Amino acid sequence: MSEKFKAMVISKQGDKFIREIKEKSVEELPEGDVLIKVHYSSLNFKDALSAIGNKGVTRNFPHTPGIDAAGIVQNSKDSTFKEGDEVLVTGFDLGMETDGGFGQFIRVPAEWVVKLPEGLSLRESMIFGTAGFTAGLSVFALAENNTTPEDGEVLVTGSTGGVGSMAIAILSQAGYDLVAVTGKKEKEDFLKELGAIRVISREEADDQSGKPMLKGVWGGAVDTVGGNILATAIKSTKYSGTVTTCGLTQSTEFTSSVFPFILRGVKLIGIDSVQLPMDRRLPVWDKLANEWKPDSLETLTNEIGLEEVSDNIDLILKGKLTGRTLINLWK
Ligand SMILES: NC(=O)c1ccc[n+]([C@@H]2O[C@H](COP(=O)([O-])OP(=O)(O)OC[C@H]3O[C@@H](n4cnc5c(N)ncnc54)[C@H](OP(=O)(O)O)[C@@H]3O)[C@@H](O)[C@H]2O)c1
C-alpha cells in the first residue's frame, strides 16, 4: 500500500523543534502488526511535551506525536483484528518513539490495540482519549477500594484540565457528589455544568499550616496535580477513604506524615494509563462506554483539525486549554 497521508511532523533543527504538516507515505510508518486509518486523536499534555522535545517523552526526531488514536483497521498480520474493525489505541509507546495519532495512519503492535467497545463511537472514544481513560482508571480505583457515593464528597484537582474535567463528568455520572479545585475561578459555571456541586480555589486546597492531619472531609479524592495539593487531599480524607494520584502539574514531589495512613487507613493509589496490561484496560473502557459515559461529553469537547493542533499545543503548555481537545484527522 503506497497511500500518501498527512501528519504533523516535529523536526529538530539545532536547539529548535519545528512543527509542520507534511505528506508521508504508509511505507515510512514503523513496522507493526496492525495498520490503522486514524479518524480521531486527541491532545494531551504529553503530546505537547513530545512536540517541544522533552527527552522524557521523545528522543528521536523527526517524529509524529499523538498518544491517542481511533480508527479503522486497514490490514492486520494478527488474526485478532481484520480489515474494517473499529479500534482505538492509547498509551504504550504510541506518540512517544512510535509515530502517533497526529497522522492519518498509524502502524502498531496488535498488543496495543483495543476493539472499540460496544456503546462507544470512534469520536466518543477520543473525547475520552488518554485523559478520559486515566480519569476512568481513577474512578475505577475508588470503586475497587470501596469508596462509594455514600462515603461523601470526592475532591477533584486540576479540574478544568483534560483528566480533571473528565473525572468530574465520570464521577457525576457514576453518582458521586464532587467538589472541583481550580485555579480558573471564571470556569465555575463550566465545572458545575459537568457535575461539580461546589468549586473551590487552589489556595483553599493547598494547606500551608504544616499540620500532619486536617479534619477528614472527603470521601475520596482524584488528584491530577501532585505537590502540596495532593498532600492536603490526603490529610483531609475521611477514615478508609481512597486518594488517587496520576499527575504532576503542581509538583512531582509531596510531603506527608504517615498519620493519614496509619490513623485513618487512607489509601493512596497510583494510576498508570501507559503500560497498564490489556486485561485491566478492557473493564474500564467497558464502563466508559456504558454506565459511566457522561451526558456532558460534548460540553467539554473542542473539535479541531490537524492544522489547528500547533496553536493548541502552545495553549496546553500555558495551561490555557479547558476540557478535551478532539482532533478530527480528516476535517
Ligand atoms: N498517570 C497517567 O497515566 C497519566 C495520564 C494522563 C495524564 N497524566 C498527567 O496528569 C496531569 C494532568 O493531565 P491533563 O492532560 O489533564 O493536563 P492539562 O489538561 O494540562 O490540565 C492540568 C490542569 O492542572 C491544573 N494546574 C496547572 N498548573 C497547576 C499548578 N501549578 N498547580 C495546581 N494546579 C495546576 C490546571 O487546572 P485548574 O486551572 O482547573 O486548576 C490545568 O488545567 C499531567 O501531569 C499529566 O502528565 C498522567
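Numbering of ligands and ligand atoms starts at 1, following listing order. For reference, positions follow the sequence shown, starting with 1. The structure presented is a predicted model; accordingly, all values stated were derived computationally and were not measured.
- Selection from C246, G227, G158 by nearest heavy atom to atom 8 (N) of ligand 1 gives C246.
- Using modelled atom types, no side-chain atom of T147 and backbone atom of A143 make a donor-acceptor pair closer than 3.5 Å.
- The environment of NZ in K24 is crowded: more than 12 heavy-atom neighbours from other residues, nucleotides or ligands sit within 6.0 Å.
- Looking at ligand 1, you'll find an N or O of T160 within less than 3.5 Å of one of its N or O atoms.
- One N or O on the side chain of N228 and one on the backbone of D207 form a donor-acceptor pair closer than 3.5 Å.
- Of the possible polar contacts, one joining the S165 side chain to the G162 backbone as a donor-acceptor pair under 3.5 Å is found.
- Within the 3.5 Å criterion, the main-chain N or O of S310 finds a donor-acceptor partner in the side chain of R19.
- Contact annotation for A131 and ligand 1: no heavy atom of the residue comes within less than 4.0 Å of the ligand.
- Using the six-membered ring where Trp is involved, W112 and F92 have ring planes that are parallel, under 30° apart on the 30 and 60° scheme.
- Between the CD1 atom of I127 and the CG atom of D68 there is a distance of 12.5 Å, given to the nearest 0.5 Å.
- Shortest contact from atom 21 (O) of ligand 1 to any protein heavy atom: G161 CA, 3.2 Å.
- Side-chain atoms of K235 do not come within 3.5 Å of backbone N or O of P260 as any donor-acceptor pair.
- Close contacts of ligand 1 with T182, meaning ligand atoms under 4.0 Å from a residue heavy atom, involve 38 (P), 39 (O), 40 (O), 41 (O).
- Within ligand 1, the atoms closer than 4.0 Å to a non-hydrogen atom of S273 are 2 (C), 3 (O), 5 (C), numbered from 1 in the order shown.
- For atom 46 (C) of ligand 1, the nearest protein heavy atom lies 4.0 Å or farther away.
- Across the listed options T252, T224, I229, T224 owns the non-hydrogen atom lying nearest to atom 12 (C) of ligand 1.
- Within the 4.0 Å heavy-atom cutoff, K184 counts among the residues contacting ligand 1.
- For ligand 1, the atoms closer than 4.0 angstrom to any heavy atom of F45 are 15 (O), 17 (O), 20 (O).
- Using modelled atom types, no side-chain atom of D311 and backbone atom of E308 make a donor-acceptor pair closer than 3.5 Å.
- Atom 35 (C) of ligand 1 has its nearest heavy-atom neighbour, among R202, K187, K320, Q250, in R202.
- By the 3.5 Å distance cut-off applied to N or O atoms, V163 is counted among the residues near ligand 1.
- Short contacts between ligand 1 and D272, defined as distances under 4.0 Å to a heavy atom of the residue, involve ligand atoms 3 (O).
- If you look at V225 next to ligand 1, the close heavy atoms, those under 4.0 Å, all belong to the side chain.
- Checking T249, T134, T322, T157 against atom 22 (C) of ligand 1, the nearest heavy atom belongs to T249.
- Every atom of ligand 1 is numbered from 1 in the order shown, and the set under 4.0 Å from a heavy atom of G247 is 9 (C), 10 (O), 11 (C), 45 (O).
- No heavy atom of G319 sits closer than 4.0 Å to any atom of ligand 1.
- Looking at atom 41 (O) of ligand 1, its nearest protein heavy atom turns out to be G183 N, 2.9 Å.
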Inset, instruction - Show your working on side-chain hydrogen bond (donor to acceptor under 3.5 Å, both in side chains) between K184 and T160 and close with a plain yes or no. - result: CA-CA 8 Å; K184 304 184 190 86; T160 65; 2.7 Å; yes

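- With hydrogens and angles ignored, the 3.5 Å screen pairs a side-chain donor or acceptor of S159 with a backbone N or O of V181.
- Between F105 and V38 there is no side-chain heavy-atom pair separated by less than 4.5 Å.
- The closest non-hydrogen atom to atom 2 (C) of ligand 1, taken over I271, L248, V199, comes from I271.
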